[in-house]
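Working notes, structure below.
What's counted below: heavy atoms across the whole structure, side chains too, no hydrogens, waters or symmetry copies.
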Amino acid sequence: MVRAENRLATATNRQTWINTFRARSDAVIAIARIVLAIGSLWITWLDAAIWPPRSQLVFWLLIAYFVYAIAAAHFVWRAKVHRVRGTFVRHIIDVATLIALALLTGRVSGPVFMLMPFVQLTATLHWLWRGALWTGSIGVAILAYLALSNTVWPFNSDVDAAVALSFILFLLTATVLLTWLGTHQEAVRSELLRLVERTPGAPDGREWPAEAALAYAAQVMRVGRALLIWSDGDEPWTHLAIWENGACKVRHLSPTAYLPWTPEALQHASLLIIDARRSRALIHRGEGRFDRWRGDEMPTSPALVAEFSIASAISVQFHASDVEARLFLLDPPALTLDDVAMAEIVADRLKTLFEQAILLRRLSDAAALEERIKIGRDIHDGVLQTLAGMALQLQSLRSSKAEPEEIDRRLMALQAMLSEEQRELRALIRALEPGSDQGGARESPLVVRLEALAKRLRQQWSIDFRFLVEPTDLRLPSAIIGELTRMIAEATANAARHGHARTLEARLRLEGGTVILTVDDDGTGFGFDRRLEHAELESSKVGPRSLRERVATWGGELSIDKVEQWTRLTIKIPAHP
């Protein structure tokens, strides 16, 4: 089913292209037809050589042809590209008019002389070599009829036989040349269609897109074998891929394998290798200029020629970031200069493909690094802070002279904290597993999570922790709540450990699409005597680094201020991840 749909899409694309070309041709042909009809009328009016009984018929035939030319132009100019139609019918009318004029005038001068090249050229524009061939055959048949007639040219002594023969030769030569031109134009159009109908597949993962590149190159250039060799400045080896009979094999070789791929003078040149073993090759110097290779060395690596039995090839080079590559299209069906230009276009497509692969690799590396930073930040603000709080609790317990019952109660509280942290750590690990649902879109009540957090922080840091949520039934996505709890935990740890705070108050409210978290503590603060906004904190690299990075990751803002005896942290982040 998919293949059938692809074939249908390809056929549709081809028809659209052909219709577009015909629409452009029809617009010009319509103008030429009108000019031709007017010119024919004028010549007929001036020409007294036409037999009087038939001159009126010729004149009225040309009047009708002129009216038809205007109607055809109106139809063509109003037609949409995808609804172009009637080209064959209009061509039949042109040919029929030509035959009628030839029969009425009995010669090829005048309107017939003007109309015959016109119909042959229009046939070539519409149907390429087929149109040129069969329309030229009709023209030759008309000439043969006139030549064999007893009453008309060329047996009429009033007509120069040399002129008649010249016109026959002209028509035969034009037919041959236009047939060749149509064949060439069809081949070029087919090549362009192959370029646009299929694009090389985007790279998948970290693998180099060698198979997709060679499949595309082989399909466009119509070769059975293709070879791609490339090296990456970041990797210590040479890569080689060979495409043969629809299968691709990739090999990783030493950095010096097959060096040099081409002589230094040809390092960036496109090559048309006529005979690889005899060093016969043409070098594209740019702007369509080709020179013969006259060097003593082979135009490509002798090791490559020997191993892959290269007789003839088209070779082009491309460069993408730190990747140097050369494409070899082996044993092409025909060695033409046009194929070198096509191969250069293909190489430019492959360059884009490799650039995409390089970009995907860099994005993958950046994402992995960002994920590692996030994991480290979560562990720092979660497990490590909890362990630090428990260490303080244990140190306090060692120096305590409390009753055994009190010591036992505090130890049980520490055990409960450890159990809670175990659950948090398991949740973090599960969130890292492929396919896990971290609840980014699912909304949860905030008060429940904050109550559990407040209880844990009071035990962990022996601090008076209070919180306020506006409105009390505020619900946020789970991912946002998880991030807010880690921010509050980090702010509390900073205030208790470094600021020696004993009281902390957190307030949460929603304004529009922004969540605003305010954390006040009675600790010593950060030593600021004024309000510092996020930009200044970032540029000066002051304040709590972990909080700055968390807020920046979520596209939010952090500010620090001193309000009476309180140190105030204000965090603003979007309400939706």
Side-chain angles (χ1 to χ4, degrees), residues 377-378 380-386 388-390 392-393 413-414 416-417 419-421 423-424 427 439 442-526 543-544 546-548 550-551 554 556-577:
R377 193 183 298 129
D378 288 346
H380 173 272
D381 296 350
V383 177
L384 292 183
Q385 295 292 16
T386 299
M390 293 181 65
L392 290 176
Q393 292 281 356
L414 288 174
M417 290 169 59
S419 299
E420 178 64 24
E421 200 57 40
R423 285 192 292 271
E424 292 288 335
R442 179 168 47 87
E443 291 195 348
S444 302
L446 187 58
V447 174
V448 176
R449 295 283 295 273
L450 282 182
E451 286 177 347
L453 175 65
K455 180 180 179 181
R456 181 159 60 89
L457 292 178
R458 291 188 191 106
Q459 293 176 345
Q460 184 175 332
W461 299 107
S462 299
I463 193 172
D464 182 14
F465 182 92
R466 301 189 296 268
F467 71 88
L468 178 65
V469 179
E470 298 177 1
T472 55
D473 60 347
L474 178 62
R475 300 175 70 89
L476 292 172
S478 294
I480 295 284
I481 294 176
E483 194 66 23
L484 288 172
T485 57
R486 282 186 281 271
M487 289 179 182
I488 294 172
E490 174 65 9
T492 303
N494 287 333
R497 291 180 63 188
H498 307 298
H500 308 291
R502 307 312 306 162
T503 303
L504 186 140
E505 184 177 282
R507 295 186 299 279
L508 264 172
R509 69 181 190 275
L510 184 65
E511 287 188 3
T514 303
V515 176
I516 301 177
L517 168 65
T518 304
V519 181
D520 294 339
D521 69 81
D522 60 355
T524 57
F526 297 92
S546 180
L547 275 178
R548 284 202 326 267
R550 280 191 178 280
V551 172
W554 282 79
E557 295 181 353
L558 167 69
S559 62
I560 300 176
D561 197 6
K562 191 71 174 178
V563 181
E564 298 179 351
Q565 78 275 18
W566 301 92
T567 297
R568 173 168 294 174
L569 276 70
T570 304
I571 297 171
K572 298 179 180 179
I573 61 173
H576 296 280

Before you tell me yes or no, could you show the steps for L484 and L476 under side chain to side chain contact (heavy atoms under 4.5 Å, CB included), namely the whole-Å CA-CA distance, both residues' side-chain angles and the distance that decides it to 0.1 Å?
CA-CA 10 Å; L484 288 172; L476 292 172; 3.9 Å; yes
L474 vs T472, side chain to side chain contact (heavy atoms under 4.5 Å, CB included): CA-CA, chis, key distance, verdict:
CA-CA 6 Å; L474 178 62; T472 55; over 6 Å; no
With T570 via side-chain hydrogen bond (donor to acceptor under 3.5 Å, both in side chains) - residues at least two apart:
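For T570, no residue satisfies side-chain hydrogen bond (donor to acceptor under 3.5 Å, both in side chains) once neighbours in sequence are set aside.
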Using 0.5 Å steps for rounding, measure from the [atom1] atom of [X] to the [atom2] atom of [Y].
X: R475; Y: I480; atom1: CZ; atom2: CD1; value: 15.0 Å
X: T514; Y: I573; atom1: OG1; atom2: CD1; value: 9.5 Å
X: T485; Y: L453; atom1: OG1; atom2: CG; value: 6.0 Å
X: H498; Y: T524; atom1: NE2; atom2: OG1; value: 10.0 Å
X: E490; Y: L569; atom1: CD; atom2: CG; value: 10.0 Å
X: L504; Y: I463; atom1: CG; atom2: CD1; value: 5.0 Å

With Q565 via side-chain contact (heavy atoms from CB on, under 4.5 Å) - residues at least two apart:
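Q565 satisfies side-chain contact (heavy atoms from CB on, under 4.5 Å) with no other residue.
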Just to verify, what does D522 make a side-chain contact (heavy atoms from CB on, under 4.5 Å) with, not counting sequence neighbours?
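Per chain and number, D522 pairs via side-chain contact (heavy atoms from CB on, under 4.5 Å) with A501, R502, T503, W566.
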Would you say [X] and [Y] make side-chain contact, with heavy atoms under 4.5 Å?
X: M487; Y: V551; answer: yes
X: R507; Y: F467; answer: no
X: I560; Y: P544; answer: yes
X: L457; Y: I488; answer: yes

Tell me if the CD atom of E505 is crowded by more than 12 foreign heavy atoms within 6.0 Å.
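Counting neighbours around CD of E505, more than 12 heavy atoms of other residues, nucleotides or ligands fall under 6.0 Å, so yes.
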Any pair counted as salt bridge (charged side-chain N to carboxylate O under 4.0 Å, His left out), so long as it reaches residues 562-575, sequence neighbours left out
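Qualifying pairs: D520-R568.
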Mind running side chain to side chain contact (heavy atoms under 4.5 Å, CB included) on I516 and I571 for me, showing each step along the way?
CA-CA 6 Å; I516 301 177; I571 297 171; over 6 Å; no
Partners meeting salt bridge (Lys or Arg N to Asp or Glu O under 4.0 Å) with E470 (sequence neighbours left out):
none
